[in-house]
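What follows is a set of notes on a single structure, which appears directly below.
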Amino acid sequence: MRELWKIILNFVVLTKNLVIMKRLAILLAVVTSSLIVSARVAVQWETLGNSSDEQGRNVYVERLTIDADHSFEYLGFNTFHRRRVALDSVDSLIEVIPGYYLISSPKFTQAGHVVVDIRTNGQFRNIAYTPDGFHIVNSDGTTEEVDYTAKSIIERPEQWVLTSGNDAMPYGDAVYERNAQLQGGRIDFYSVIPSYKSVKPSGSTSAAINTIQFKAVASQRSQWFRATVQKGRVVVEAAAEDSAAVMRRLEPLALLSAKNVPDAVIEDYPDFGYRGVMIDIARNFQPISEMHRILQLMARYGFNILHFHFADDEAWRLEIPDFPELTDVAGQRGFTLDETDHLAQLFTGTGDVNAVNSSNGFYTRSEFIGLLKYADSLGIKVLPEIESPGHARAAIKAMERRYRLTGDDYYRLIDPQDTSRYVSAQWFGDNVMNPALPGPVRFMTDVTARIKAMYDQAEVEMPAMHIGGDEVAMGAWTGSPIANAYMAERGITNYRDLHYIFVKELTANFAAMGVKVSGWQEISMRSEESFNELVRPNTFSINCWRNPDDNSDIFSQTAMADYPTVLSIVNHFYLDMCYSSHPCERGLTWGGTVDEFDALHGYPYQLCPVDSAHFANVLGISGHLFAETIRSGRMIEAYLLPKMLGMAERAWNAQPTYTDADFNAVIAKREMPFWLANGSPIHLRQPGIVIADGHVVMNTSYPEVEVRYTLDGTEPTSTSPLYSAPFAVGDAHQVRAAIYWHGSRSVTSVLYVK
């Protein structure tokens, strides 16, 4: 390459022709640019398997194979925080913040092939622990994206079987049995999700519907309606204010285009007024267009609250013009050693704060106002959330930047002399606002006032401000001189009281501007009646999520204390939990696994077993999609579909309705064609595999899908053999199969042939 440059440069000098020289200069620039673009570093990751170290601790080794065509300073990447150490003493591994790692090594000072082995504490369980966000950092601080590939995590059993011997893989034979249970479901013309309260067929049929007439009547229930289908005509009776919502409930039937419609009388209404979906765009950002698609799905399935989780430890995603630092600092993430100008990269990214990806971005004020209007047109209220006083790292970093630039501590959120040592649920030790300072209440109050102004401009009701309130780490504020002085002056001995004082002050300030509060279960767990007397009347909703390891019945406690209770239990309604325990299923598992049937079986009366008077405090159900494992809008939709349908059924109908098989049939025959037309990727249940009479037999829970298989232990692809009928197993030692359906793919089913 150097010889080529010498030849070109010598030619330029010899010609002494300005035109040629200019053209060659342009050519040089183009060639140089293309070489820079093509100058890439390739990184391949693999897990070598679960094992134990010399002290008997659970560990696994992660191997990074790096091929570089130029030198660089650091290799950066993201993964969930665990204790990690480079096995070669010349390699240095630092954790800038929990989940953001940088490797430096003398091996990186020249181009070539490099292997870095990292020993990681714990056990590798599923794909969520595969690292992401690989990038290199050059000596001048610039960053470059790398070509990153991750090797299969299910090549060998030691990659997923724990050292204890626990094997959570759902093997082909167990899946076959479950798929068989889901087959044979029955549906009729009026089978929809969520299901109607009552459908009474008359026995006759209309060849086609030619008119739909709306008749306004008085109604004792919100969104109650009666639709009479007879002789080609539909008469819909409902309250005038419910007309749009009622017509949306009839849309899945496509009455005006349907043929041979059974005449019937349909009666329907929702059992609960709160039917929510929380979407987290703080941890991984999604554009406004994707939020519109989510709202459309919510409207189809009868949801009426979008819980808008735009601020957390990891980012702030809504423009507040009077607080530009919130998005300037906390709306973008990338390479940094000190987070002076922006947050450190988390979850994914390229190291570049200007890159267009889920690490960077925020909604402008005008975009959010437009979102409010669009949601309102679909009958959906938007409940914004600012996490406080915990989960507030992004806001804290932004306000520290404001203080450094202006010297104004009016909105400062932390005590600079605080020496407290604590670890949050996400391993941060600097993510809690200090309620002993005036700044946190001022900040929350003034930002909420500006957000309320957006609702006012949109001419849309602001249901409340969700203030978070969950997971404030033990030990916060204990080393704060300001907090200790504040407590001494007031005779406070329990640091937790600072949290409740914060909630009380916020509630009073919000009430003065006509805004109610919402929060996670922690803000209602105060036995002091003076606290409840102030907070309870001004509370819109309390999300009870309850960790499955906690035996306390927080749902019942909250309802019995007369707080407006929203059932948000992890192991029924957390949309970011894995669909199954398969190592390749996307999502988390700390709350167990949750599929559409777990959601369907989340019966409110069982989750909150209280008397009818106190059950009246249960507003409804909300599902939550936290975004640690989300990378794109397509991933969001695959997490939602079909899981959110089980939740929709329970949010609309408290009592049992569909059997699992019938519910599965409605999904397969009515909803999957809709998703296909809508361009929505979906989660597919994996195929079952058994060996019967020396033959390989496979099944699925859906009609009209492709099953592709291999017999040599490799992963199936869309071009692998298509299963059409049982075949002789021959000398195969294992069978692997996956379902393909219009761009969506299931995880791989594995069956070892004995």
Side-chain angles (χ1 to χ4, degrees), residues 45 47 50 60 79-80 122-132 150-157 159-162 166-179 182 283-284 347-348 548 570-600 623-632 634-647 664 667 680-689 700-702 705 707-708 715-717 736-741 743-751:
W45 171 91
T47 172
N50 293 318
Y60 58 97
T79 188
F80 287 119
Q123 300 276 267
F124 189 87
R125 293 176 179 270
N126 74 0
I127 201 168
Y129 289 91
T130 303
D132 200 350
K151 290 189 69 174
S152 172
I153 61 171
I154 58 169
E155 286 183 340
R156 306 175 306 280
Q159 291 178 308
W160 71 84
V161 178
L162 306 187
N166 181 36
D167 185 351
M169 172 73 81
Y171 287 98
D173 49 354
V175 176
Y176 188 95
E177 182 178 350
R178 179 55 173 158
N179 284 346
L182 296 175
R283 292 181 173 93
N284 276 295
F347 307 119
T348 189
V570 174
N571 52 353
H572 285 289
F573 306 131
Y574 264 43
L575 298 163
D576 60 305
M577 293 295 109
C578 287
Y579 274 87
S580 80
S581 58
H582 193 290
C584 294
E585 284 284 16
R586 293 283 175 182
L588 299 176
T589 58
W590 65 266
T593 61
V594 180
D595 67 8
E596 58 269 35
F597 303 104
D598 293 308
L600 181 68
H624 303 277
L625 182 56
F626 291 101
E628 290 96 333
T629 60
I630 294 293
R631 299 293 182 267
S632 67
R634 290 185 63 81
M635 287 182 70
I636 288 180
E637 292 180 42
Y639 275 51
L640 293 177
L641 304 173
K643 191 181 301 186
M644 72 184 297
L645 275 67
M647 190 176 67
N664 187 69
I667 290 173
S680 294
I682 67 171
H683 176 269
L684 294 169
R685 302 182 71 83
Q686 64 192 89
I689 313 170
T700 76
S701 59
Y702 319 103
V705 294
V707 179
R708 301 282 177 170
E715 285 287 276
T717 69
R736 295 188 175 219
I739 291 175
Y740 289 84
W741 183 79
S744 295
R745 183 195 191 276
S746 75
V747 295
T748 299
S749 288
V750 179
L751 183 71

Carefully, step by step, assess Y60 and Q159 under the rule side chain to side chain contact (heavy atoms under 4.5 Å, CB included). CA-CA 9 Å; Y60 58 97; Q159 291 178 308; over 6 Å; no

Can you see whether E585 engages H683 through a side-chain donor-acceptor pair at a distance of less than 3.5 angstrom? yes

Taking atom types as modelled, find out whether T47 and Y129 have a side-chain donor-acceptor pair closer than 3.5 angstrom. no

Quick check: do S580 and Q686 have side-chain heavy atoms less than 4.5 Å from each other? yes

Check whether [X] reaches the backbone of [Y] with its side chain - one donor and one acceptor, N or O, closer than 3.5 Å.
X    : Y    : value
Y702 : R685 : yes
D132 : T348 : no
T593 : S581 : no
N50  : Q123 : no

When every non-hydrogen atom of K643 is compared with those of Y639, the smallest separation belongs to CB-O, 3.6 Å

Do W45 and F124 have ring centres separated by under 6.0 Å? yes

Apply side chain to side chain contact (heavy atoms under 4.5 Å, CB included) to the pair L182 and F597, showing each step before the final yes or no. CA-CA 11 Å; L182 296 175; F597 303 104; 3.6 Å; yes

Check the pair R586 / Y579 against side chain to side chain contact (heavy atoms under 4.5 Å, CB included), numbers first and verdict last. CA-CA 8 Å; R586 293 283 175 182; Y579 274 87; over 6 Å; no

CG on L641 to CD on E596, rounded to 0.5 Å: 10.0 Å

A quick test of your reading: do over 12 heavy atoms of other residues, nucleotides or ligands sit less than 6.0 Å from CZ of R634? no

